[in-house]
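Since we're looking at a predicted model, the values are computed, not measured. One is the number of the first residue; the rest follow in order along the sequence. Counting starts at 1 for both ligands and their atoms, in listed order.
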Amino acid sequence: MYSLSQKLADIIHHDHQLLPILNRFGIRLGFGDQSANDVCKSLDINAEFFIEILNTYHDPDYFPRERFLDFPLPLIVEYLKKTHLYYYTFYIPEIENQLNTLIASAPGANNLSLLTRFYLKFKQELHEHLEYEDKFTFPYVLNLHTLYLQGSAITNPELLPVRSIIEFEEEHSDVDSKLLDFKNIIIKYLQADYDDNKCNTLITTLFNFEDDLRDHSRIEDKIMVPKVLQIEKLLFPS
Ligand SMILES: [Fe+2]
Ligand SMILES: [Fe+2]
């Protein structure tokens with residue numbers, strides 16, 4: 001586990017996969033020998049939240065649920081939104097580029113159109129999921145949090161017409177299964193005179209993306225949703 005007193009540079013030398021997480025918090029390279037805590041302080045980042053996110057990403061078996069439940073919802077939602085943005089601006093275009101490069105590397109008869117078909121199915125499922133959360137789930141969570149801070153039970157249904165996060169937050173299994181299908185089409189059924197290295201690059205990106213998505217969904221399902229359910233119990237008199 002990493003701690004806030006460690007140099008951030010040492011942490012990155014140890015696990016460079018954490019770099020995108022740093023970016024989501026607005027941390028860019030060039031932090032010299034500063035500790036993780038000092039870097040957070042200079043950028044006005046909640047250091048405790050930062051280190052817990054870093055550790056859960058670094059070690060899939062580490063998930064301090066109770067600890068996370070202490071952090072305010074807007075902080076959690078902001079992190080989730082930034083993660084979506086990273087998927088839109090980096091992972092999705094990157095996967096698409098790598099897929100196109102792989103296809104271009106394999107002339108002649110092949111079944112690469114299958115890959116495109118499975119990729120598009122996955123992309124559509126993912127887009128729908130992310131957009132729905134950005135448009136409906138997150139605004140609901142933030143609204144609810146604001147009303148919670150005002151501290152009174154909600155009896156006027158116009159204030160918040162939908163009364164449960166359960167109606168918003170769909171299961172992540174559809175996205176996961178479409179990604180698995182896409183990976184399997186490549187790993188098990190690829191028939192083409194393709195470039196090995198280009199194919200390995202794409203598969204590595206897909207596995208990294210899968211890890212990122214798993215971590216993201218876990219924060220939504222195990223932290224955001226239970227926190228919202230707690231607040232709903234307080235705010236909506238049954
Ligand atoms: Fe999400
Ligand atoms: Fe989600």
Side-chain angles (χ1 to χ4, degrees), residues 17-27 45-46 49-50 52-65 67-96 118-146 148 160 162-183 205-232:
Q17 304 269 27
L18 298 173
L19 275 170
I21 309 292
L22 264 57
N23 301 147
R24 279 170 219 176
F25 280 87
I27 301 173
I45 294 165
N46 183 320
F49 183 64
F50 170 73
E52 294 298 1
I53 291 281
L54 221 58
N55 280 324
T56 54
Y57 201 88
H58 169 67
D59 178 358
D61 292 329
Y62 177 74
F63 195 69
R65 193 167 172 269
R67 186 88 189 86
F68 270 124
L69 287 169
D70 284 343
F71 295 113
L73 274 170
L75 191 67
I76 296 165
V77 169
E78 195 193 313
Y79 175 72
L80 294 170
K81 277 180 167 174
K82 288 220 170 107
T83 311
H84 282 197
L85 195 67
Y86 179 68
Y87 296 165
Y88 285 128
T89 57
F90 172 70
Y91 262 123
I92 298 171
E94 186 62 20
I95 289 169
E96 215 154 302
F118 275 81
Y119 167 69
L120 290 174
K121 279 187 191 166
F122 163 63
K123 183 182 168 184
Q124 187 188 355
E125 193 75 42
L126 178 68
H127 259 281
E128 280 173 10
H129 184 84
L130 299 178
E131 274 170 13
Y132 188 84
E133 286 180 339
D134 284 328
K135 214 168 160 188
F136 299 107
T137 312
F138 295 156
Y140 169 77
V141 171
L142 294 174
N143 265 341
L144 192 83
H145 179 76
T146 306
Y148 169 68
L160 220 52
V162 173
R163 300 198 150 214
S164 182
I165 183 77
I166 301 299
E167 290 182 42
F168 286 115
E169 197 50 7
E170 291 183 4
E171 283 192 27
H172 292 105
S173 53
D174 290 344
V175 176
D176 297 346
S177 69
K178 293 278 187 305
L179 178 54
L180 183 66
D181 287 348
F182 180 41
K183 278 167 51 195
T205 304
L206 293 177
F207 274 100
N208 288 340
F209 188 34
E210 191 175 36
D211 287 346
D212 203 311
L213 274 174
R214 191 178 303 127
D215 207 60
H216 178 80
S217 307
R218 196 162 62 148
I219 293 171
E220 288 176 347
D221 294 340
K222 296 199 173 359
I223 306 300
M224 182 184 74
V225 170
K227 263 182 93 75
V228 170
L229 285 172
Q230 263 176 6
I231 295 181
E232 283 173 352

message: So that I can tick it off, tell me whether Lys81 and Glu133 are bridged by a salt bridge, with the cut-off set at under 4.0 angstrom between side-chain N and carboxylate O.
response: no
query: Between Phe118 and Lys121, is there a cation-pi geometry (under 6.0 Å to ring centre, at most 45° from the normal)?
result: yes
Spacing of Leu54 atom CG and Tyr62 atom OH [to the nearest 0.5 Å]: 11.0 Å
- prompt: Ion pair present between Arg24 and Asp212, side-chain N to carboxylate O less than 4.0 angstrom?
  reply: yes
field: Charged N-O contact under 4.0 Å between Lys178 and Asp181
entry: no
Protein N, O or S within less than 2.8 Å of the Fe ion (ligand 2), waters excluded: His129 NE2, Glu133 OE2, His172 NE2, Glu220 OE1
Stepwise side chain to side chain contact (heavy atoms under 4.5 Å, CB included) check, Met224 with Ile219: CA-CA 6 Å; Met224 182 184 74; Ile219 293 171; 5.7 Å; no
